[in-house]
Amino acid sequence: MIVAEAKPIKEILEMIDGFNKILVVGCKGCVTVCNVGGAKEVAILASAIRIAKKKKGKDVEVGEITLERQCDPEYIEELRNIVQNYEAIVSLACGVGPQFISERYPEIRVFPGVNTRFMGGAIEHGVWAERCAGCGQCVIHYFGGMCPIARCSKSLMNGPCGGSNHGKCEVSPEIDCIWDKIVRKMMAQGRLDELLKIRPPKSWLTARDGGPRKMVREELVK
Amino acid sequence: MTEYKSGSNLEKVLKAGHFAFTGECGPPRGANVEAVRKKAQHLKGCVDAVNVTDNQTAVVRMSSWSACLILKEEGLDPNFQMVCRDRNRLAMQSDILGVSAHGIKNMLCLSGDHQRFGDHPEAKNVYDIDSIQLISMVKKMRDEGKFLNGEQIDVPPKLFIGAACNPFAEPLEFRVYRLAKKIEAGADFIQTQCIYNMDRFREFMKRVVDMGLHEKCYILAGITPLKSVGMARYMATQVPGMEVPEELIKRLKGAGKGKAAEEGIKIAVEQIQELREMEGVAGVHLMAIEWEHRVPEIAKLAGMLPRPKVE
């Protein structure tokens with residue numbers, strides 16, 4: 001899933017300073033799963049905005065709604081009859097959501113309420129870790145099922161570098177050296193010969209480096 | 001006539017069968033040409049080639065190729081270091097052509113320290129290709145006369161290709177294989193990370209020799225003299241994959257106040273003498289960090305002088 005984290009309330013309040021009719025829009029997708037942008041978090045942020053605005057003596061109207069998904073125009077459409085009641089929207093979806101909303105309703109100001117961090121998953125309760133860099137050409141099967149593009153600080157295809165330190169990355173003891181794991185797993189599986197192959201330079205054409213991406217599936221296009 | 005890959009002084013010395021002795025020069029944090037010339041004067045006549053670091057520890061400095069040119073003017077044989085952190089394949093290939101055009105004949109291919117350590121931790125990291133891919137790219141450019149994309153080069157670069165190796169980094173059992181990969185990719189010579197634990201290095205070299213890697217590539221053992229107990233502790237605790245045996249720290253401490261540096265030099269000299277006798281070791285790479293002025297003394301004490309002249 002896409003993992004996001006809440007923006008500091010101070011930053012959100014600064015964004016919406018001057019707006020008194022605000023709609024907080026949640027998303028039932030990834031951000032609900034990572035506890036940052038579902039109905040619950042929408043309610044919490046809406047209350048925080050009300051309290052903060054009240055403290056400043058402002059009379060505000062803060063609406064709450066949580067859409068099925070913000071990355072799908074059909075769900076964004078559900079805002080059609082509500083948006084005109086507001087001056088600003090704070091979206092708690094990943095970076096896709098606020099953009100879809102502002103594309104659909106160009107007359108209203110849209111602000112991001114979360115910082116989108118990465119594609120990953122929960123490794124334990126309350127802890128999420130990156131797993132995929134979205135490079136557009138998956139190669140994890142060469143690396144014991146682990147992605148060095150996303151998980152090695154240097155995206156090495158022929159690691160580990162000399163900075164591997166007791167299973168940790170030279171960048172931080174908080175980061176696992178993925179190449180340490182790749183080597184140990186593949187050697188344990190008797191796949192040293194595969195590790196000895198020199199992996200050629202990667203084409204980044206399918207990654208973000210090739211420019212903004214778009215995917216068309218003809219059979220689905222009406 | 002011997003067929004040379006680049007005809008650098010380092011290549012000639014190694015091919016002639018001499019025990020090579022290389023040094024290092026960290027460029028200044030500015031356009032201070034005199035600082036480079038001064039370091040060059042200390043190294044001149046004492047070493048066969050001089051590595052010029054490329055924004056080492058991810059701190060901005062005068063570019064490696066530019067300091068290499070100054071060293072060349074001073075009559076030294078520069079070893080141009082290039083890391084994968086800051087350049088994509090376009091910039092790398094153009095710099096490779098550029099250094100060769102200016103008569104630089106050695107190049108060391110490295111991954112590079114991650115920018116989060118350095119003075120611009122907010123920088124975007126590049127790592128378009130990795131160090132092993134860089135080695136193959138330089139080899140392809142030199143031997144096939146082709147760019148990475150397969151297109152023909154109009155006058156290919158002539159470079160003696162180097163790579164690094166850290167025998168002490170984990171996972172230990174894989175290190176010799178990674179060295180083998182670098183050699184297969186096209187490394188002509190290897191300069192290792194600095195060695196303090198000679199027993200472990202000896203074991204490593206035994207595996208290197210058993211696999212016959214020393215016959216495919218010249219292996220230069222890295223030595224960094226310890227200037228103080230503090231430096232030894234720093235090396236032991238702060239530098240990944242570095243092990244400084246407790247007995248070395250004891251020796252430095254035991255030397256007494258103000259004498260640790262002398263003891264550090266003594267240790268380095270003993271190491272060089274030991275490495276000279278070690279099977280598979282073709283030379284020593286002396287990384288006297290900000291201690292270039294002590295290199296002549298170390299070279300002399302270690303019996304490395306005079307340096308051979310190969311025509």
Side-chain angles (χ1 to χ4, degrees), chain A residues 133 135 139 142-144 146-205 207-210, chain B residues 57-58 83-85 88-89 92 110-118 121 125-137 139-140 148-149 163-186 192-194 222 237-243:
Chain A
C135 71
V139 288
Y142 295 137
F143 306 107
M146 291 170 267
C147 178
I149 309 299
R151 300 173 72 185
C152 165
S153 296
K154 301 176 183 174
S155 294
L156 302 183
M157 303 279 286
N158 297 281
C161 75
S164 183
N165 202 11
H166 301 282
K168 297 294 173 185
C169 173
E170 67 176 15
V171 168
S172 158
E174 300 294 314
I175 303 171
D176 287 331
C177 170
I178 199 62
W179 266 104
D180 188 272
K181 288 188 194 295
I182 293 169
V183 165
R184 287 181 201 281
K185 184 174 177 184
M186 290 181 70
M187 283 180 90
Q189 290 177 340
R191 293 166 67 195
L192 178 65
D193 55 325
E194 286 178 63
L195 278 175
L196 293 182
K197 282 186 194 142
I198 296 172
R199 298 287 163 201
K202 189 173 168 65
S203 165
W204 300 103
L205 259 177
R208 174 61 185 77
D209 308 82
Chain B
T57 63
V83 301
C84 299
R85 176 192 60 230
N88 68 11
R89 57 191 80 179
M92 285 175 153
L110 305 163
S111 302
D113 297 314
H114 196 274
Q115 75 276 1
R116 262 179 70 176
F117 295 117
N125 89 353
V126 182
Y127 293 109
D128 177 12
I129 63 174
D130 67 25
S131 59
I132 290 180
Q133 294 161 348
L134 174 58
I135 296 165
S136 346
M137 184 171 81
K139 187 178 162 67
K140 182 174 180 168
L148 188 59
N149 66 1
C165 163
N166 186 348
F168 310 112
E170 292 187 75
L172 279 177
E173 62 279 18
F174 188 66
R175 289 296 158 181
V176 74
Y177 296 115
R178 189 154 191 265
L179 171 65
K181 276 180 90 166
K182 290 191 172 185
I183 295 169
E184 192 198 330
T192 76
Q193 174 67 282
C194 35
T237 57
Q238 302 299 314
V239 183
M242 181 93 59
E243 195 212 326

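On a predicted model such as this, the values are computed, not experimentally measured, just so you know.
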Inset, instruction - Please flag which part of Y177(B) lies under 4.5 Å from any non-hydrogen atom of chain A: side chain, backbone, both or neither. - result: both
Inset, instruction - Would you mind telling me which of K197(A), K154(A), K202(A) has the largest number of heavy-atom pairs within less than 4.5 Å of chain B? - result: K154(A)
Inset, instruction - Could you tell me the separation between the CD atom of E170(B) and the SG atom of C177(A), rounded to the nearest 0.5 Å? - result: 9.5 Å
Legend entry - Which portion of V183(A) sits near chain B, non-hydrogen atoms under 4.5 angstrom: side chain
Legend entry - Qualifying residues under side-chain hydrogen bond (donor to acceptor under 3.5 Å, both in side chains), relative to K139(B), sequence neighbours excluded: D143(B)
Legend entry - Rounded distance [0.5 Å steps], OG in S153(A) versus CG in D176(A): 10.5 Å
Inset, instruction - Identify which part of P160(A) has an atom lying under 4.5 Å from any heavy atom of chain B, answering side chain, backbone, both or neither. - result: both
Legend entry - Intermediate values then yes/no, side chain to side chain contact (heavy atoms under 4.5 Å, CB included), I175(A) and R151(A): CA-CA 9 Å; I175(A) 303 171; R151(A) 300 173 72 185; over 6 Å; no
Legend entry - Option in S155(A), C169(A), G159(A), S172(A) with maximal non-hydrogen atom pairs under 4.5 Å from chain B: G159(A)
Inset, instruction - Determine the option with the most heavy-atom pairs under 4.5 angstrom with chain A, choosing from Q193(B), R85(B), R89(B). - result: R89(B)
Legend entry - chain A contact via L134(B) - side chain, backbone, both or neither, heavy atoms under 4.5 Å: neither
Inset, instruction - Compare all side-chain heavy atoms of I178(A) with those of C152(A) and state whether any distance is below 4.5 angstrom. - result: yes
Inset, instruction - Over all heavy atoms of both residues, which pair between K181(B) and I132(B) is shortest? Give the atoms and the distance, please. - result: CB-CD1, 3.9 Å
Inset, instruction - Considering only heavy atoms and a distance below 4.5 Å, find which of R116(B), E173(B), R175(B) pairs most often with chain A. - result: R175(B)
Legend entry - Heavy-atom pair count under 4.5 Å with chain A, highest-scoring of V239(B), D130(B), N166(B), L172(B): D130(B)
Inset, instruction - Side chain from CB out, backbone as N, CA, C, O: work out which of these in K168(A) comes under 4.5 Å of a heavy atom of chain B, or both, or neither. - result: neither
Inset, instruction - Can you measure from CH2 (W204(A)) to CD1 (I149(A)) and round to the nearest 0.5 angstrom? - result: 4.0 Å
Inset, instruction - State, yes or no, whether a side-chain contact exists between T192(B) and L179(B) at a heavy-atom distance under 4.5 Å. - result: no
Legend entry - Distance (rounded to the nearest 0.5 Å) between N158(A) CG and S136(B) OG: 7.5 Å
Inset, instruction - Working to the nearest 0.5 Å, report the span between CE of M157(A) and OH of Y127(B). - result: 15.5 Å
Inset, instruction - Using a cut-off of under 4.5 Å on heavy-atom pairs, state which of L148(B), D128(B), I129(B) scores highest against chain A. - result: D128(B)
Inset, instruction - Would you please go through residues 186-193 of chain A and name the residues with a non-hydrogen atom below 4.5 Å from one of chain B, in numerical order? - result: M187(A), L192(A)
Inset, instruction - Report the relative orientation of the aromatic rings in W179(A) and F143(A); use parallel for angles under 30°, tilted for 30 to 60°, perpendicular for over 60°. - result: perpendicular
